[in-house]
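Worksheet: the structure to be examined is printed underneath.
Remember, it's 1-based here, ligands and their atoms both numbered in the order they're listed.
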Amino acid sequence: MAEALKDRSMVLQKEMIANHFARLEQAPETGEPVVYTFVPGNLVELIRSFDALPVLPEINALQSGMRKLSGDYIMEAERAGHSEDVCTYVKCDIGMMRNGNMGPSGKKLPKPDLLLLSYTGCYTFMKWFELLREEYDCPMVMFHVPYQGDGSLEPDHRKYMLRQLHEQVIPALEKATGRAYDEDKVKQSLGLSAQAEDDLVAVLQSGKRRPSPIDGYFGTVYYVGPIFSAFRGTAEGVQYYRALREEIEQRIADGLGPVTPDGPLNDQRYRLVVEGPPNWTSFRDFWKMFSDEGAVVVASTYTKVGGTYDFGFRHNPADPLGTLADYCSGCYTNLNLPTRIDMLARYVKEYEADGFLINSVKSCNSFSAGQLMILREVEKRTGIPGAFIESDLVDPRYFSAANIKNRLESYFQMIDARRRGRSA
Ligand code: SF4
């Protein structure tokens, strides 16, 4: 029963993605407008209200990483002059474009009619779209989201965002698509977003159980895929999250853990919280290093990069543009370091974790800056020593399996030693 339900959510996701990429491939013929935008702070309900198809370049990059295509794309971008230090998502995207813009699904991606840059804390977003604007010679509009430097925003910040939506973003979408803004359509879509968000949060919070029925990092990156990309605010998105929630509830009823590359992980020896994005080029090997040891991730920050719904935020159809502004300002990349520390310390406590781990990725300054300080502060707050490993997003040159495995094994031994010390 559990397996059949699990299959249903996976099949649904596969179909949704295949249909979306098929529509993208046909867009030059069908005339459907195409808007490129980033995962954190995406305004997908607004984009879709103009009957435009969203493209998320980070999703293409990570999928290229999983399909072992990113190494060549990155080399191609470096040959074109992009430095070794540049975020590898950017280089992967540029390399893919220079190779005919064949998306990871094997279907050609159309050119953007508009680049919609939601600026939520990462400077690279701006540079990335400047490069794409040059390559595609297309219009770009920037939605500047003020950084939560003091841990919250002032009412004037919100007004500033609303003004931009009214005066810049909506007019740019109207011009690129040839369609007028329809607020009722946005409201309807936001209602669907909130439904899917409720179901997603139920899934995320199931990590508090023992055994945890989910892996809150490796498994959950699949779960957040639809809501972080093109499917928030859609009927398919609602259907997917309902099916997923049912599948997880069945796993809870059966007392089962998540399905890992080694099969079901029911005997869970270590419960971990993880900070930082995963490595995509060796994703399964990386996951296996945890599941081999009986380690399950109960919560992670990366799976909140497209929205921190588990702390209560839901899109609100009664205030369509205001809720989009609130959503963008609360994205993980837009949060200051003390807020990130609070979040991690809270996860360690509420999910009763035995440890926490930082995967510091070389490419991503937005995540990596301050991570050593985060580690020390979370250790102080929780009284639990953390672990620190290094890898990269989609550059296979920066994944050293032996090093990471050694570090993880030592960390698990340390958790065992602390347990023995406590019971002695
Ligand atoms: S630096 Fe990090 S947050 Fe910024 S685009 Fe690259 S991966 Fe995304």
Q: For atom 2 (Fe) of ligand 1, decide whether C87 has an N, O or S atom at a distance under 2.8 Å.
A: no
(Q) Quick one about Y347 and E275 (side-chain donor to acceptor, distance below 3.5 Å, no hydrogens or angles considered), yes or no? (A) no
Q. Which atoms of ligand 1 are found less than 4.0 Å from any heavy atom of Y89?
A. 7 (S)
Q) Where the closest heavy atom to atom 3 (S) of ligand 1 is concerned, which of C122, P277, S363 has it? A) C122
Q) At a 4.0 Å cut-off, with the gap strictly under it, does some heavy atom of F125 reach an atom of ligand 1? A) yes
Q. Any side-chain donor paired with an acceptor under 3.5 Å for Y36 and W128?
A. no
**Q.** atom 2 (Fe) of ligand 1 - nearest protein heavy atom and its distance
**A.** C364 SG, 2.3 Å
Q) In terms of atom number and element, which parts of ligand 1 are under 4.0 angstrom from non-hydrogen atoms of L393? A) 7 (S)
Q) Under 6.0 Å between ring centres, would you say that holds for Y240 and F231? A) no
Q) Should the pair K362 and Y398 be classed as cation-pi, given the thresholds of under 6.0 Å to the six-membered ring centre and 45° from the axis? A) yes
Q: Indicate yes or no: at least one non-hydrogen side-chain atom of T382 is less than 4.5 angstrom from one of F356.
A: yes
